[in-house]
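Order of the sequence lines sets the chain letters (A, B, ...), proteins ahead of strands, with each chain counted from 1.
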Protein chains: 2
Amino acid sequence: MTKRPKATILDIARAAGVSKSTVSLVLQGSDLVRPDTADRVRKAIEDVGYVYNRGAANLRKAHSNVIGMVVNDLTNPFYAELAVGMERAFQSAGVVPFIANTGENPVRQEEVLKSMLEQGAAGLIVSPARGTPPDAFRRIEATGVPIVFAMRRMPDSRIPVVAPDNRRGAALAARHLLGKGHSRIAFFGGSSDLVVYQERLGGFREACREYGLHDSDVQVFESDTSRKGGMTCIDLALASETPPTAALCFNDAVAFGAMLGLRRHGLEPGRDFAVVGFDDVVEAQHYVPSLTSVAVDTAGLGERAAHIVLKMIQSRTTSAENHIGAVNLVVRESCGPDRNSARGV
Amino acid sequence: MTKRPKATILDIARAAGVSKSTVSLVLQGSDLVRPDTADRVRKAIEDVGYVYNRGAANLRKAHSNVIGMVVNDLTNPFYAELAVGMERAFQSAGVVPFIANTGENPVRQEEVLKSMLEQGAAGLIVSPARGTPPDAFRRIEATGVPIVFAMRRMPDSRIPVVAPDNRRGAALAARHLLGKGHSRIAFFGGSSDLVVYQERLGGFREACREYGLHDSDVQVFESDTSRKGGMTCIDLALASETPPTAALCFNDAVAFGAMLGLRRHGLEPGRDFAVVGFDDVVEAQHYVPSLTSVAVDTAGLGERAAHIVLKMIQSRTTSAENHIGAVNLVVRESCGPDRNSARGV
DNA sequence: TGACATTATTGGAACGTTCCATTTATCAAA
DNA sequence: TTTGATAAATGGAACGTTCCAATAATGTCA
């Protein structure tokens with residue numbers, strides 16, 4: 001419809017009878033311009049329907065104001081929550097972050113990161129896709145753009161990380177299960193190419209050892225970190241010679257899947273088989289039976305990550321402390337009652 | 001760390017022993033440059049770790065390649081699915097969309113849209129926040145940037161819309177319930193400031209009239225479009241003098257909430273009270289009881305919307321046909337058996 | 001009133017790219 | 001060879017902003 005070329009700072013200057021420099025000052029909210037002139041300029045801006053050209057501005061300015069968050073799976077409510085936490089922090093800092101989804105696809109991730117960089121992102125928060133090659137972030141590190149990993153991390157990278165205390169969380173959950181008297185216990189879901197997996201499994205194994213189980217006694221089933229993956233795990237577990245009676249799942253999605261699978265086998269989660277999840281997504285408490293899970297304060301970690309990049313940008317550094325968030329086990333129905341009625345709660 | 005100023009096209013030119021124009025041509029994949037020269041240039045690009053400055057380019061070029069999707073609530077899996085559908089379409093077109101969340105907040109939405117525009121967005125897909133003022137998009141229309149509404153729309157706006165056939169979907173669901181013999185039936189959730197609400201409620205009422213019910217016979221409870229809202233609705237409904245025996249819910253979130261609420265009242269959804277949702281999010285089939293819902297092909301609509309903006313951008317027009325997507329009722333457990341055992345099915 | 005300090009305003013260069021009009025290299029045919 | 005045509009490469013202006021140095025306007029005080 002509107003064919004007229006978009007208005008620039010010069011058009012405004014003309015309309016308000018001032019120079020482009022003055023308009024620029026007004027745009028930046030400088031107090032070097034007399035209030036009534038500023039008003040006149042603002043009015044002109046309004047009148048011509050001017051839209052600021054950030055691209056042009058960034059050409060001169062040191063910093064752009066775009067911050068990108070690259071997440072591996074937006075359909076997972078867990079990451080959506082993370083994104084929302086970050087947004088909150090950014091909002092109060094007056095910046096609008098751009099979110100991009102990689103759908104757990106390293107190739108897509110590459111494209112997305114490239115695009116963010118080209119757009120002149122001032123900072124990046126990334127939860128890397130599964131299977132990201134080790135050198136994927138070298139390029140970015142070289143550019144000096146502040147970047148932090150959230151929730152997930154790369155094997156040995158100097159990029160700061162914001163994540164929950166996976167090891168401790170898993171140990172907490174495992175101890176709870178073991179304390180209930182389960183002796184054949186399994187770990188469901190995830191795969192060893194994820195650092196998070198190693199941490200969680202590590203914590204799990206640690207707790208098992210504390211209770212005198214050998215590594216060979218605990219069964220571990222890798223799978224997708226999805227509902228489907230959880231169903232696969234339970235199928236395999238129940239088919240084994242000595243089926244476990246309890247499982248800690250890599251995340252809540254896997255746990256939901258496992259519970260679904262149990263029902264399919266005619267077993268009731270909680271009563272016949274104890275299930276514990278990880279992440280404590282909102283659904284966990286509403287599910288039937290409600291899911292015992294390790295709460296990690298997702299949104300809080302998101303906010304934290306946002307603050308860290310913001311600070312990195314401001315102090316133009318590329319390094320920061322890692323932040324390992326506290327975790328706690330929230331016990332609900334899915335982990336069932338004590339097995340060994342002799343023991344305490 | 002890296003303090004060296006970032007490389008420009010000129011640095012590459014120097015390194016490759018050509019002119020900046022040649023580098024520019026290579027960057028654009030032009031075939032006007034001799035293959036071996038192109039290779040030399042590409043090598044130089046690689047060597048210096050050059051990152052393309054899209055801002056600078058857009059200053060000269062007509063179109064940028066950023067497309068924004070502004071969604072009202074990313075934590076709602078329904079909208080996350082929508083976003084993913086769009087991404088798929090954009091990906092195969094080689095563009096990286098930027099997602100921004102408004103969290104159902106019109107003020108935030110304003111900021112987000114402004115930012116997208118300033119960034120030079122070539123096109124926009126928006127599902128407007130609840131309570132968006134009627135003139136919120138006038139600014140954007142004036143700029144001539146292609147924009148389409150997805151899932152939600154504004155009262156009377158000429159902006160093209162991609163949405164499911166809400167009226168028909170609601171009618172379908174209501175007829176199913178009425179056909180089962182329910183005569184006291186309610187509509188749960190949503191509020192009249194949403195066009196979608198009016199459409200769904202309209203279809204619902206239409207079906208009720210077909211079955212001889214008066215408008216006064218059907219009970220309507222407005223609420224948040226969330227789980228919490230659903231719980232409120234069921235509380236109110238059960239407290240009424242003539243409680244309904246079935247409800248169509250504004251969306252699946254409300255339906256989940258209603259089912260939760262029912263349990264709290266000692267009633268079993270499906271058996272004691274029929275619940276039908278809308279949108280058919282992935283959880284619907286996994287819930288216990290599984291939720292009968294109106295499927296709208298969310299991701300498909302997302303793709304559709306993406307294609308439409310893409311076409312609008314290409315043909316530099318600001319108008320397009322609306323797209324009303326087909327819907328169908330997927331019957332599961334939550335709507336229970338027939339009431340009147342004399343009747344069919 | 002003049003001189004000076006202070007406050008407001010301004011012109012021009014620069015940012016990194018694209019695109020057009022040219023120039024230069026290459027190749028075929030005469 | 002020379003010529004002409006075609007292919008390849010190039011210099012410079014332009015895009016819309018910021019920032020600096022410089023100028024113009026205003027205010028203060030003797």
Does B/S21 put a side-chain nitrogen or oxygen below 4.0 Å from OP1 or OP2 of D/dA9? no

Which of these nucleotides, C/dG16, D/dT10, C/dT10, is closest to any side-chain atom of B/V18? D/dT10

What nucleotide, of D/dT18, D/dG16, C/dT17, holds the atom closest to the side chain of B/I9? C/dT17

So, using side-chain hydrogen bond (donor to acceptor under 3.5 Å, both in side chains) as the criterion, who are the partners of A/T102 when residues are at least two apart? none

Taking the nucleotide of DNA chain D with the nearest heavy atom to each, does B/R40 or B/A56 sit closer to the 5' end? B/R40

Answer yes when B/R108 and B/E111 have at least one side-chain N-carboxylate O distance shorter than 4.0 Å, and no when they do not. yes

In whole angstrom, give the distance that lies between atom CZ of B/R34 and atom P of C/dA25. 11 Å

Whole Å only: how far is the CG atom of B/N58 from the C1' atom of D/dG16? 12 Å

Using 4.0 Å as the upper bound for N to carboxylate O, is an ion pair formed by A/E104 and A/R152? yes

Could you tell me how far apart B/R54 (CZ) and C/dC15 (C1') are, to the nearest whole angstrom? 18 Å

Side-chain ion pair, B/E110 and B/K114, N-O less than 4.0 Å: no

OP1 or OP2 of C/dT17 under 4.0 Å from side-chain N/O of B/S24: no

Euclidean distance, atom OH of residue A/Y50 to atom P of D/dG16 [Å, nearest integer]: 10 Å

So which nucleotide from C/dT17, D/dA9, D/dC19 ends up closest to the side chain of A/K61? D/dC19

Rounding to an integer number of Å, can you tell me how far B/L32 CG sits from C/dT23 C1'? 15 Å

Side-chain donor-acceptor pair under 3.5 Å between B/S24 and B/S21, yes or no? no

Do A/Q109 and A/T132 get their side chains close enough for a donor-acceptor pair, meaning under 3.5 Å? yes

Between C/dG16 and B/T8, is there an OP1 or OP2 to side-chain N/O distance shorter than 4.0 Å? no

Please give, in whole Å, the distance from D/dA9 C1' to B/K20 NZ? 11 Å

Please test B/K43 against B/D47 for salt bridge (charged side-chain N to carboxylate O under 4.0 Å, His left out), starting from the C-alpha separation and ending with a verdict. CA-CA 6 Å; B/K43 174 151 189 325; B/D47 287 348; 2.9 Å; yes

With a 4.0 Å limit, can you tell me whether A/Q28 has a side-chain N or O closer than that to the phosphate oxygens OP1/OP2 of D/dC19? yes

With five pairs defining each end axis, the helix from C/dT1-D/dA30 to C/dA30-D/dT1 comes out bent, to 10°, by 40°

Using whole Å, what does the distance between atom P of nucleotide C/dT18 and atom NE2 of B/H63 come to? 16 Å

So, OP1 or OP2 of C/dT10: does either fall under 4.0 Å of a side-chain N or O from A/T22? yes

How many Å lie between CZ on B/R14 and P on D/dT10, as a whole number? 14 Å

C/dT9 phosphate, OP1 or OP2, under 4.0 Å from A/T37 side-chain N/O: yes

So, B/T318 and B/E141: side-chain donor and acceptor under 3.5 Å apart, yes or no? no

Is A/R60 side chain donor-acceptor paired with the C/dA14 base, going by distance under 3.5 Å alone? yes

